[in-house]
> 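Dumping the structure here so I can ask a few things about it.
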2 protein chains.
Amino acid sequence: MLTSSQQQLLRVIGQSGPSSRTVLAASMGLSKAAMSGIARDLISLGVLHETETVHGQGRPSILLDLHPEGAFFVGISLLEDPAPMVLSDFNGNIVARRAMPLSRDPDVIADLISEALPKLLARRKDAAQKLYGLGVALSGFVDEKQANCVQSTLLGWQDVPLANIIRRKSGIDTFIENDAKAVAVSEKLFGSARDIRNFSVVSFDDGIGCAHFIGGQLYRGNHGGAGEIAHCTIEPGGSPCRCGKRGCLDTVASLKAIKEMAKAEGLSCRSMNDLETEASLGNAAAIRILHRAGNALGLAIAHLIQFNDPGMILITHVEGRFDGLFGTVMRQAVEANVLPRYAGQTPIRTRRVDGDIWARGAASIAAHNFLIGPTPN
Amino acid sequence: MLTSSQQQLLRVIGQSGPSSRTVLAASMGLSKAAMSGIARDLISLGVLHETETVHGQGRPSILLDLHPEGAFFVGISLLEDPAPMVLSDFNGNIVARRAMPLSRDPDVIADLISEALPKLLARRKDAAQKLYGLGVALSGFVDEKQANCVQSTLLGWQDVPLANIIRRKSGIDTFIENDAKAVAVSEKLFGSARDIRNFSVVSFDDGIGCAHFIGGQLYRGNHGGAGEIAHCTIEPGGSPCRCGKRGCLDTVASLKAIKEMAKAEGLSCRSMNDLETEASLGNAAAIRILHRAGNALGLAIAHLIQFNDPGMILITHVEGRFDGLFGTVMRQAVEANVLPRYAGQTPIRTRRVDGDIWARGAASIAAHNFLIGPTPN
DNA sequence: GACACTAAGTTCAGAAACTAAACAAATCAA
DNA sequence: TTGATTTGTTTAGTTTCTGAACTTAGTGTC
């Protein structure tokens, strides 16, 4: 295990990117002497390496960065069948990829992982020695130790100690996490939120997920439920939701809800793309659906801004569309429902991501535990 | 200034109450030897003292606690005229009280404080020597250094470096904070939220304020705006608000709004008490108003729970009432609008507080900076 | 090209903070 | 009275960090 200073250094580099020893020393509140020693140790461990030399006045500075091949992590997504499985390096790059069948039995999952691991690692023999962790992303609630699945409707689980089961069978340090929270961690470590201390990620998909980073750390909430915006009441007295109440954001603005509303209106749209096209051609039903959905998502995001004042909101989506009517209405609804003083002050970025997003997020959970240690909420 | 270990010790005692050296050592992850030394230093500084001896098996343990007279803080509220001014000991008890005229000129405020200080301290000569900080609570936005007032509608300010002005004229370490955030800090340090890491305080008054503690720390938000639930849209398309948009929580559920709605309905109610009495006698207008307001506040709190999953919500009020129709409807609305799985999982406490609440909160801001240091958001 | 100037990074002695282990102290239980 | 038990202190040694001097590798100027 690394010392706390070493972890802190990795975290700072992870957040601010490649930096010189002098800069790092200053930003960690340490002397140059202490920095020198800590960097030396991490370089000889193969975790850090010297990259560019930057010329200014005086002796040039040498930037230190995480060594891409200094540590490897495995990430598995239990959101799809077959379940994607990736091998990620220290920069979040995917260096190998496989899939394994999905099961609902935790022991079977652990066995399948143990079988698949050697094949995943086969091409990268160095990775096997530097494999420092395994992460699993799933739909459901996870406890604060990132070890037990408290509840998962999708998998039909209740209090399943999945991490320990996998750890025992595979021999690798394992952590599990909720899907949206895993994506947020991945954006914090490797994505566009690296240098932002407070932000929220909204994952727009068949369901709507959300997770918060606060003070540079993932905030899980007291029952692991922080960020569950899908079931906030956005249309009081609206349509019934599978959760048991009415008017949840999920019933109006999720991709699944949008598709179902389109079907109910007799539209033959297979994708959001089709629906946007219909709307742009003037189809009233399509326009109505997209308007209602965009408005609902915008209102929820406005609440998020009013309640938490994040530095950024990042919306990730695989097959959504934010450049049409839906996105426009959503942005307008946000601006119309935050304090006028704050309108336009919170950047809202949308990002199209590939299907690896969940497995990549899972891997970043393992990397996060290696880099920073467990989250203390 | 105290070392980080000393600060950590004070913080732990502040959170868990009086404890023995051995227990403290364990909970801070230090050896008994280190603990012994740190405690010795703080006792000789007069900040800690030995209280009870607890007998079990083996040598009895001696509990350490903050010395009530080990440090004193001044708190001033700029929310009322005259402005209340209190002297608080290390346990949050108010040991002296004065008032000073309110001004909108920062320099005048600093002069008034400097003049009033000796009189406040006159009766407690020991306090003058152990006065470690001064806090100011105001309505408006404050920067993350708790030094500058970014904006205050009530005071008509824009970027006023109030803390430094007061510090220069009075010679005392000064910090300013938003009113609701100051109350939250006071509840965390001295009130009913001492041992809760994640909670939100809602202050119900003429306006509605709110502040979050996350991970044991005050979360200020990226622009200092975290917790501004008063202006979240709770009735889309509802009544215009002074902020410029429509349907804000503030227009429906604040004490001021409730009184105004009562007046508009021709009711001669002077207080919430009167209105609740009217409602209990069957007055339809009173019932309608309280229902609407309770429902709105409940929905906002439900959103808060869905978004942030806090461990407690504490509603403070000076002249509100939560034991009648308003409170009942509010609680019902909360339960009806959170995920059924979470219903009843988040304790909602209401607490009637005295008029000292803001000045006490201001003093606790100073105590917080002494105990824990600046908040790093 | 020689020289001063600048800033990065290293070295080393010493300070500060912590640990481990032995020990002294204070009580209970038999 | 004796042993068990647990708290808190002492002491010696380790780890981690700082301060100051120093080396290194450049740039700018004459």
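These numbers were taken from a predicted model, which means no experiment stands behind them. Naming: A, B, ... by sequence-line order, numbering from 1 per chain.
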> Name the residue closer to the 5' end of DNA chain C, choosing between A33(B) and G58(A) according to the nucleotide with the nearest heavy atom.
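Going by which nucleotide is closer to the 5' end, it is G58(A).
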> For S364(B), give me all partners under side-chain contact (heavy atoms from CB on, under 4.5 Å), at least two apart in sequence or on another chain.
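Expected list: V185(B), S186(B), L189(B), F190(B).
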> With I176(B), which of L162(B), I365(B), V160(B), D143(B) fulfils side-chain contact (heavy atoms from CB on, under 4.5 Å)?
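Per the side-chain contact (heavy atoms from CB on, under 4.5 Å) rule, the option paired with I176(B) is L162(B), out of L162(B), I365(B), V160(B), D143(B).
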> Under the side-chain contact (heavy atoms from CB on, under 4.5 Å) rule, collect the residues that match up with R351(A), sequence neighbours excluded.
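With sequence neighbours excluded, R351(A) shows a side-chain contact (heavy atoms from CB on, under 4.5 Å) to E187(A), S192(A), L314(A), V353(A), given in chain and number order.
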> Which atom pairs, donor and acceptor, lie under 3.5 Å between side-chain atoms of residues 51-64 of chain A and protein residues at least two apart or in another chain?
{"residue": "T51(A)", "atom": "OG1", "partner": "L63(A)", "partner atom": "O", "Å": "3.3"}

> Could you check whether T22(A) gets within reach of a base, just the sugar-phosphate, or nothing at all, counting any heavy atom under 4.0 Å?
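Sugar-phosphate contact only.
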> Does a donor on one side chain sit under 3.5 Å from an acceptor on the other, for N308(B) and N308(A)?
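Indeed, the side chains of N308(B) and N308(A) share at least one donor-acceptor pair under 3.5 Å.
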> Is there a donor-acceptor contact under 3.5 Å linking the side chains of N198(B) and N222(A)?
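Present: a donor and an acceptor within the cut-off.
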> Against the six-membered ring of F175(B), is R167(B) placed for a cation-pi contact (under 6.0 Å from the centre, within 45° of the normal)?
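Output yes; distance and angle both within limits.
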> Extract, from 5' to 3' on DNA chain D, the first and final nucleotides lying under 4.0 angstrom from some heavy atom of chain B.
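Nucleotide range in contact with chain B: dT5(D) to dT10(D).
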> By side chain to side chain donor-acceptor pair (under 3.5 Å), which residues pair with Q8(A), not counting sequence neighbours?
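If we apply the side chain to side chain donor-acceptor pair (under 3.5 Å) test to Q8(A), skipping adjacent residues, there are no hits.
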> What nucleic acid atoms does S61(A) come within less than 4.0 Å of, heavy atoms only: base, sugar-phosphate, or nothing?
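Here S61(A) touches the backbone only, sparing every base.
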> Could you check whether G37(A) gets within reach of a base, just the sugar-phosphate, or nothing at all, counting any heavy atom under 4.0 Å?
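No contact.
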> Tell me which of G56(A) and L63(B) sits closer to the 5' end of DNA chain D, going by the nucleotide each one is nearest to.
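Residue closer to the 5' terminus by nearest nucleotide: L63(B).
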> Could you list where the contact with chain B starts and ends along DNA chain C, reading 5' to 3', using a 4.0 Å heavy-atom cut-off?
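Contact boundaries, 5' end first: dA17(C) to dC28(C).
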